[in-house]
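Values reported hereafter were calculated over all heavy atoms of this structure, with side chains retained and with hydrogens, waters and symmetry mates removed. Counting starts at 1 for both ligands and their atoms, following the listed order.
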Amino acid sequence: MQKTSKDTRIILDPLGYALGAEIRGLDISLPPNQKEVDAINAIWQQHHVIVFRGKRLQASEIVNFAQEFGQLDDHSSTPFYRHKDFPQLLQITNRSIDGRPSETRNTGRNWHSDYSYTGRPAAASMLYCDQRPPIGGDTMFANMVRAYETLSTTMQGIVDNLHAVYDISLTAGLNERDPDKTKEVRLLNPPIAHPAVRVHPRSGKRALYVSERVSHFHGMTRSESRPLIDFLCSHATQPENIYRHVWQEGDLVCWDNRTVMHIALADFDEGKPRHMLRATVLGEQSGFIVGEH
Ligand SMILES: O=C(O)CCC(=O)C(=O)O
């Protein structure tokens with residue numbers, strides 16, 4: 001199915017049943033005009049993940065494009081992994097950085113929404129594929145609006161009243177990183193409680209906001225919380241609720257962290273380079289520090 005927006009000549013191809021759409025007809029090496037931004041935002045709100053395929057971009061072009069969609073994070077909550085000239089770009093790579101083995105090679109190996117462990121969880125992320133392994137290195141996305149809407153009304157009522165405590169220590173791969181940097185990153189990001197249902201500021205849609213980086217629900221013990229966290233995560237990640245992106249070099253994949261969670265799969269030969277750059281659009285202030293480590 002194809003739909004064309006008359007004003008912008010944007011072509012839209014849905015990629016998945018639950019979420020995901022490819023946008024064609026736009027040269028993303030140039031900053032979009034306001035009409036194009038509005039058209040992209042409308043598609044993004046409906047499909048949650050949007051994909052621009054196969055356009056080789058410079059770091060500056062990624063930043064110029066991304067900043068049309070909101071204020072970009074300078075990644076100060078994870079300061080060691082930023083692009084040296086563009087702090088608005090986080091390097092997710094298994095190439096060496098500054099002559100040292102990369103510590104972000106295993107970023108994203110459990111289901112999460114970006115920067116949920118901060119007081120300003122990301123609104124959106126835009127991930128550019130500079131280099132991909134010959135096979136695999138895919139990323140999967142889950143539609144958290146659909147996950148919420150397919151809960152029973154009783155369960156919706158329960159999660160509506162919960163705050164989920166996000167703990168950066170549950171970030172997959174953290175323990176493989178330099179212990180001093182990890183300690184600093186933990187101090188920068190103490191455990192924080194966010195509403196377990198996030199309301200999208202533009203669409204007003206309610207989305208489940210619980211991931212594998214939740215340690216417990218505020219006011220509940222960890223053992224009380226565990227079965228509910230596990231249930232909600234497995235409910236949200238059922239195959240029919242997923243879009244799986246198979247990367248090509250030059251792809252820019254943009255997801256809305258308020259309505260989607262994602263996971264980076266380790267389904268590739270670690271000896272082959274995979275190099276990605278991520279721009280992160282800041283979200284609203286949210287949550288309260290719970291003061292436990
Ligand atoms: O490398 C990927 O495919 C995704 C990385 C990730 O999980 C993230 O940027 O939050």
Participant: Test the Arg198-Tyr166 pair against the cation-pi criterion, namely NZ or CZ under 6.0 angstrom from the six-membered ring centroid and within 45° of the ring axis.
Facilitator: no
Participant: Working to the nearest 0.5 angstrom, can you tell me the gap between Arg82 CZ and Leu277 CG?
Facilitator: 14.5 Å
Participant: Does a sphere of radius 6.0 Å around CG in Leu265 hold more than 12 heavy atoms from other residues, nucleotides or ligands, not counting ones at 6.0 Å or beyond?
Facilitator: yes
Participant: May I have the list of side-chain donor-acceptor pairs in residues 57-65 shorter than 3.5 Å, sequence neighbours left out?
Facilitator:
from  : atom 1 : to    : atom 2 : distance (Å)
Glu61 : OE1    : Gln58 : N      : 2.9
Asn64 : ND2    : Ser60 : O      : 3.3

Participant: Considering only Ile, Leu, Val, Met, Phe, Trp and Tyr, and joining two whenever side-chain heavy atoms are under 4.5 Å apart, list the other residues clustered with Phe268.
Facilitator: none
Participant: Please tabulate, one line per pair, the protein N or O atoms found under 3.5 Å from any N or O atom of ligand 1, giving the distance to one decimal.
Facilitator:
from     : atom 1 : to     : atom 2 : distance (Å)
ligand 1 : 1 (O)  : Arg274 : NH1    : 2.8
ligand 1 : 1 (O)  : Arg274 : NH2    : 3.4
ligand 1 : 3 (O)  : Thr139 : OG1    : 2.5
ligand 1 : 3 (O)  : Arg274 : NH2    : 2.7
ligand 1 : 7 (O)  : His112 : NE2    : 3.2
ligand 1 : 7 (O)  : His262 : NE2    : 3.2
ligand 1 : 9 (O)  : Arg278 : NH1    : 2.9
ligand 1 : 10 (O) : His112 : NE2    : 3.0
ligand 1 : 10 (O) : Asp114 : OD1    : 2.6
ligand 1 : 10 (O) : His262 : NE2    : 2.9
ligand 1 : 10 (O) : Arg278 : NH1    : 2.9

Participant: Apart from Val199 itself, what residues make up its hydrophobic cluster when side-chain heavy atoms of I, L, V, M, F, W and Y under 4.5 Å apart count as a link, directly or indirectly?
Facilitator: none
